[in-house]
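Because the structure is a prediction, the values reported are computed rather than measured.
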Amino acid sequence: MTDIPLRLFDTYERRVREFTPLDPAEVRLYACGLTVYDYAHIGNLRTYIFEDVLRRVLEYNGYRVLHVQNVTDVGHLVSDADTGEDKMEKGSRRTGKSAWEIAEFYFQAFQADLARLNVLPPHIWPRATDHIAEQIDLIRCIEAKGYTYLARDGVYFDTSRLPDYGYLARLDLEGQQAGARVEVGEKRSPTDFALWKFSAPGEQRQMEWPSPWGAGFPGWHIECSAMAAKYLGPFFDIHCGGEDHIMVHHPNEIAQTQVCYGTRLANFWMHGYFLQVDEAKMSKSAGEFLRLQTLIDRGYDPLAWRFFCLGAHYRAKLNFTWEALEGAATAFNRLRIAAHEWSAAGPGTPDAEFLQRFQADINDDLNMPRVLALAWELARGPLPPADKRATLLEFDRVMGLGLAEWQPSADEVPAEIAALLERRQQARREKRWQDADALRAEVRSAGFEVEDTPQGPVARRAR
RNA sequence: GGCGCCGUCGCCAAGUGGUAAGGCAAGGGUCUGCAAAACCCUCAUUCGGCGGUUCAAAUCCGCCCGGCGCCUCCA
């Protein structure tokens, strides 16, 4: 608990403002989930780490949080064109699995990634395909209010009827129209979007449902409005997602909800900014992308990725380079080793002044880079080790680096390496330094680094 | 064409009016038979460039240069 007010940046108002819960008993948080047609890449994961930090900060402030995150397990069109291919069906053809299997497989993989990053799972994880009825109901509501029109390929939302459409994005509708590059198709205006899409005539989709307008599938914005309203009500505390949602997805969610419920859906709109690789966005459509597993295969602890993400503010782009990741991994290791060594000193007490500064930093729009700097100041400062550890573990309630349970792991050493180490020890006892160094070189060329400790030599797998 | 962001040490990155956080790397040192690991010290009079406002600017304003994102599935 803290007396420092929590201040968060709200994209809707484009400013940092004090957060006060709509209902003091429970903060309601909705996060846009992943479309599970492929693995998550490390850029996707950066956003979920940001949302996890947000949730942990809310909880650190003493709030009980109800966290809902959707699973988009129904395909949406790859492009805006009528003939656009469905991502789920595309994945199905690529792998030979059914669209349903694809969704399940990648949803599991996504959950595993989040778990490896210490991202707390949402309390409710609603799937779009489990809420078709809710989505149809919402579309009917929008239709009843007169904000839809029927086109050959689906039911559309008529954005021209909403005077403040796109306020979140500060859209300039005139400018949009002047420069639209998008195929408008049957849409009356470029910002209109599908609420329900009809299955293409003569094409059997794996995922389709009957509806009052014809067989098909929901548009990709409607699921969030429908499921958020179902689990959190039509007006809740915080809605978050990636920065890419500021322009289209979130304005559309707001438009749908506004028409049906008269609210702007969420009190705070928060957006995590993109990870860039070599100063450019990493995109799935471009083919190659980095997964968490890619980093693990290169010898990195998945939590080193979390540590790396913590080093930049969530509202700033983060540029990925292997050199920077290596730096984060080294720093993270030093910090966790230090924290482990402090544990030998027994239980301690968190330092009040550090705690105060920590709370000021997290409550200042989740300034985790400063928390990291504070952790180093703590680590290298004069406090008793036990108190350092107690303080750092408090920080870790938000950092989520698993410092409390971490133990240095002695790598499994193959028998032949162990034998070399023993021979080296023998040489050292006999002060045959040349032989000892030659043996160490042998161990090293086998991929292990030798460390002589007071308890004897230890071999670690080199990266 | 529209909306918006960014340019801070070799790399990553805080800092939005009061005189440059932090991490990594690098250099030096302690320890060590030598290393490694760990620890300690050092490391941007300067914030893309040029003007302007101000007692004071990396922070505000203007122009220029460079980079990027969204507007289309996207975290």
Side-chain angles (χ1 to χ4, degrees), chain A residues 14 31-35 37-38 40-51 72 75-81 84-87 90 166 169-183 190-191 220 240-249 251 271-276 279-286 307-308 310-313 315-335 337-338 341 361 367-377 380 428 431-434 436-437 440-441 444 449-453 457-460 462:
Chain A
R14 297 286 164 101
C32 275
L34 199 68
T35 303
Y37 71 106
D38 202 338
H41 63 229
I42 58 176
N44 298 130
L45 265 13
R46 180 191 182 199
T47 298
Y48 297 103
I49 290 170
F50 142 62
E51 287 159 356
T72 302
H76 296 296
L77 300 182
V78 166
S79 83
D80 201 44
E85 196 171 19
D86 181 295
K87 288 193 291 197
K90 188 180 173 187
R170 307 293 192 269
L171 284 185
D172 173 351
L173 270 8
E174 301 301 313
Q176 288 274 315
Q177 273 151 7
R181 293 184 304 183
V182 186
E183 205 57 54
T191 49
W220 89 285
C240 41
E243 62 165 317
D244 53 323
H245 288 156
I246 297 172
M247 282 297 181
V248 178
H249 184 51
H271 298 90
Y273 280 60
F274 278 156
L275 175 81
Q276 301 200 355
E279 298 297 339
K281 179 188 165 187
M282 172 163 49
S283 67
K284 288 183 184 172
S285 46
F307 187 92
F308 178 76
L310 259 25
H313 188 87
R315 211 146 41 71
K317 70 172 175 59
L318 205 200
N319 195 42
F320 174 88
T321 64
W322 286 103
E323 188 184 357
L325 177 63
E326 179 65 29
T330 302
F332 176 43
N333 225 29
R334 283 181 187 157
L335 189 66
I337 286 170
E341 285 170 353
D361 286 341
N367 198 324
M368 297 312 288
R370 247 168 25 209
V371 168
L372 248 33
L374 195 62
W376 288 111
E377 187 182 330
R380 293 177 171 160
R428 293 182 71 212
K431 300 204 191 301
R432 299 191 329 264
W433 307 124
Q434 298 247 318
D437 291 349
R440 181 170 58 201
R444 192 172 287 156
E449 207 57 57
V450 179
E451 285 177 32
D452 290 324
T453 72
V458 171
R460 292 199 180 287

### Query
Could you state the CD-P distance from A/Glu341 to B/rC39, rounded to the nearest angstrom?
8 Å
### Query
For A/His271 and A/Gly242, which heavy atoms make the closest approach, and how far apart are they?
CD2-O, 3.3 Å
### Query
Expressed as a whole number of Å, how far does the C1' atom of B/rA25 sit from that of B/rC11?
7 Å
### Integer angstrom distance from the P of B/rC6 to that of B/rU59
13 Å
### Task
Select base, sugar-phosphate, or nothing to describe what A/Phe50 touches, counting heavy atoms under 4.0 Å on all strands.
nothing
### Heavy-atom protein contacts under 4.0 Å, nucleotides 20-36 of chain B, coded B base, S sugar-phosphate only, - none
-BSSSS-------BBBB
### Task
Rounded to whole angstrom, note down the P distance from B/rG17 over to B/rC61.
12 Å
### Task
Could you please name the partner base of B/rC63, counting Watson-Crick and G-U wobble pairs only when both distances are under 3.5 Å?
B/rG49
### A/Gln276 CD - B/rC12 C1' separation (whole Å)
13 Å
### Summary
Applying the 3.5 Å cut-off to both distances, the Watson-Crick or G-U partner of B/rC43 turns out to be none
### Query
Looking only at atom C1', what distance separates B/rU53 and B/rG4, rounded to whole Å?
26 Å
### Task
For B/rA36 versus B/rG27, give the span between their P atoms, rounded off to a whole number of Å.
11 Å
### Task
Find the partner of B/rU16: check Watson-Crick (N1-N3 plus N6-O4 or O6-N4) and G-U wobble (N1-O2, O6-N3) distances, both under 3.5 Å, and reply none if neither fits.
none
#### Entry: Partner nucleotide of B/rG10 by Watson-Crick or wobble geometry (both distances under 3.5 Å)
B/rC24
### Query
Under a 3.5 Å cut-off for both distances, is B/rA38 Watson-Crick or wobble paired, and to whom?
B/rU30
### Message
Which residues pass the side-chain hydrogen bond (donor to acceptor under 3.5 Å, both in side chains) test with A/Arg334, not counting sequence neighbours?
### Response
none
### Sugar-phosphate, base or nothing in reach of A/Leu318, heavy atoms under 4.0 Å
sugar-phosphate
### Query
What is the distance, rounded to the nearest whole Å, between atom CZ of A/Arg14 and atom P of B/rC3?
12 Å
### Query
How many Å lie between OH on A/Tyr273 and P on B/rG4, as a whole number?
11 Å
### Message
Keeping A/Tyr48 on the side-chain end and A/Leu34 on the backbone end, is there a donor-acceptor pair under 3.5 Å?
### Response
yes
### Message
So which atom in A/Gly241 and which in A/Cys32 form the shortest heavy-atom distance, rounded to 0.1 Å?
### Response
CA-CB, 4.4 Å
### Message
Rounded to whole Å, how long is the line connecting atom NE2 of A/His271 with atom P of B/rG4?
### Response
15 Å
### Message
Which heavy atom of A/Phe308 sits nearest to which heavy atom of A/Asn319, and what is that distance?
### Response
CZ-O, 3.7 Å
#### Entry: G-U wobble or Watson-Crick pairing nucleotide for B/rG1 (cut-off 3.5 Å, both distances)
B/rC71
### Message
Roughly how many Å apart are B/rC65 and B/rU72, using the P atom of each and rounding to a whole number?
### Response
28 Å
### Query
For A/Phe308 and A/Leu45, take the nucleotide of RNA chain B holding the closest heavy atom to each; which residue's nucleotide lies nearer the 5' end?
A/Phe308
### Summary
In whole angstroms, the gap separating C1' of B/rA13 from CZ of A/Arg315 amounts to 15 Å
### Message
In whole Å, measure the gap between the C1' atoms of B/rA56 and B/rU16 for me.
### Response
15 Å
### Task
Indicate, with a heavy-atom threshold strictly under 4.0 Å, whether A/Ala316 touches base, sugar-phosphate, or nothing.
sugar-phosphate
### Query
So what does A/His249 touch, heavy atoms closer than 4.0 Å: a base, only the sugar-phosphate, or nothing?
nothing
#### Entry: Nearest-angstrom distance from the residue atom CZ of A/Phe274 to P of B/rC6
16 Å
### Task
Grab the CG-P distance between A/Asp361 and B/rA13 for me, whole Å please.
19 Å
### Whole-angstrom distance between B/rU42 and B/rA21, as gauged at atom P
13 Å
